[in-house]
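First up is the structure itself, then whatever we jot down about it.
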Amino acid sequence: MEPKEIIYGLRMKKGLSQDELAEKVFVTRQAVSRWENGETVPNTETLKQLSKLFDVSINTLLGSPRQMVCHCCGMELDDATTSKEIDGLFNEEYCKWCYHEGEFTLDFLQKYAELGGEAHFAAFKQQLIDEFNALCIEGMPKVESLNVLAGSFINLEYLLPNGEKVKFLSDEATYLGNQLPCEFGGDRCFGIAANMGFLLVCTYAENGAEPELVLYKKR
C-alpha cells in the first residue's frame, strides 16, 4: 500500500475527519488532503506525530519500504515488536525486548555503554569477529557480523565424551553471537558465541537439535 492509502485508512479507523487529524498533528486540512491524494507525504516531524497518534511505525506509514530488524538481536521488526521511547515514539532500530523506554534491557549493552559507549562496543565486536575468523575452522564461513543474543536462547546442552551433558553459558546473561551456514551444505549450521572471557563454536541441526561443541577457548 502507498502512504496515501495508509494514512486514509488509519484516519478512518480512528474515526477522525481531515480537520480533526489536521488539528492533532498541527497542520492544515489541505495538507491532510494532499497526503491522501498522493500529492505529498508528511515531513519527518509530522511523521513522528502521526506514528505516535496511530501507534504504528514511520516505516508502516510510508508503506514499509524497508525490512526492519533489531540492531541487537537481529529479530525482524513490525509494529507489535518494535521498541518505544519514554515519550511513546517508536525506536525503529530495536525490538521491545532489547530496548524499552529509553534503556537497553540487555546487560551486555549496558556493560559496554558504561565502559565507553557505542564506539567502544563496535570496536569490541570487530575484535571478536577477527578472533573468530583467525580460528580458520573447516567448513565455517567468514564471520561478518555479531548480534547481541540472550543466553536463554543459545544456551545449548552438549554431550561430552564421558557421557556427561553440560552447558557452557548462562540463561541470565547475554552474549555476542551469530548463526552461520556450513560451507559443506547439509542441514547443520555453525553457532558462535562470545563475551569478554571466551569464544565458543558449535554446530547443530534445525532448531538447535543435536548440538556438538567444536571449540571453547578462553580469551
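Basis for what follows: all heavy atoms, side chains included, without hydrogens, waters or symmetry-related copies.
Looking at Leu199 and Leu135, their side chains come closer than 4.5 Å, going by heavy atoms from C-beta outward. A heavy-atom distance below 4.5 Å is not found between the side chains of Leu180 and Cys189. Side chains of Ile6 and Leu62 form no contact here, defined as non-hydrogen atoms less than 4.5 Å apart. Tyr158 places a side-chain heavy atom less than 4.5 Å from the side chain of Cys202. Asp171 places none of its side-chain heavy atoms less than 4.5 Å from the side chain of Phe153. Side-chain atoms of Ser170 and Tyr175, non-hydrogen and from C-beta on, do get closer than 4.5 Å to each other. Proximity of Lys96 to Lys84: side-chain heavy atoms (C-beta onward) are nowhere separated by under 4.5 Å. Taking the side chain as every heavy atom from C-beta outward, Leu10 and Leu61 approach each other to under 4.5 Å.
Atom CD of Gln127 sits about 11.5 Å away from atom CG of Leu176, to the nearest 0.5 Å. From Phe190, atom CZ reaches atom CD1 of Ile137 across 6.5 Å, with rounding to the nearest 0.5 Å. Here the CD atom belonging to Gln179 is positioned 10.0 Å from the CG atom belonging to Leu149, to the nearest 0.5 angstrom. In this structure, the separation between CG on Asn37 and CD1 on Ile7 is 11.0 Å, given to the nearest 0.5 Å. Atoms CD1 and OG1, on Ile58 and Thr82 in that order, are 11.0 Å from each other to the nearest 0.5 Å. In this structure, NZ on Lys142 lies 15.0 Å from CZ on Phe132, to the nearest 0.5 angstrom.
A salt bridge between Lys48 and Asp87 is absent, with no side-chain N of the basic residue lying under 4.0 Å from a carboxylate O of the acidic one. A salt bridge links Arg66 with Glu92; the closest basic N to acidic carboxylate O contact falls under 4.0 Å. Contact check on Glu20 versus Lys14 returns no salt bridge, with no Lys/Arg side-chain nitrogen under 4.0 Å from an Asp/Glu carboxylate oxygen.
Under a hydrophobic-cluster definition in which Ile, Leu, Val, Met, Phe, Trp and Tyr are linked whenever side-chain heavy atoms come within less than 4.5 Å, directly or via other members, Tyr94 and Phe90 are assigned to different clusters.
Enclosure of atom CD in Glu157 by more than 12 non-hydrogen atoms of other residues, nucleotides or ligands within 6.0 angstrom is indicated. Environment of CD in Glu23: sparse, with no more than 12 heavy atoms of neighbouring residues, nucleotides or ligands closer than 6.0 Å. Around atom NZ of Lys167, more than 12 heavy atoms belonging to other residues, nucleotides or ligands sit under 6.0 Å away.
If you check the side chains of Gln18 and Gln30, you find no donor sitting under 3.5 Å from an acceptor. In this structure, a donor-acceptor pair under 3.5 Å is absent between the side chains of Glu93 and Tyr99. Using modelled atom types, one finds a donor on one side chain and an acceptor on the other under 3.5 Å when comparing Glu85 with Asn91.
Legend: residues meeting ring pair (Phe, Tyr, Trp, His ring centres under 6.0 Å) with Phe54, ordered by chain and number and at least two apart, are absent.
Contact between Val143 and Asn133 at its shortest, heavy atoms only, is N-OD1, 2.7 Å. Nearest heavy atoms, Arg29 versus Ala22: N-CB, 3.7 Å.
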Output a table of donor-acceptor pairs, distance under 3.5 Å, between side-chain atoms of residues 210-219 and any protein atom two or more places apart or on a different chain; print 'none' if there are none.
from	atom 1	to	atom 2	distance (Å)
Arg219	NE	Glu131	OE1	2.9
Arg219	NH1	Met196	O	2.9
Arg219	NH2	Glu131	OE2	2.7

Candidate pair Leu156 and Leu169, rule side chain to side chain contact (heavy atoms under 4.5 Å, CB included), full reasoning
CA-CA 8 Å; Leu156 303 178; Leu169 308 181; over 6 Å; no
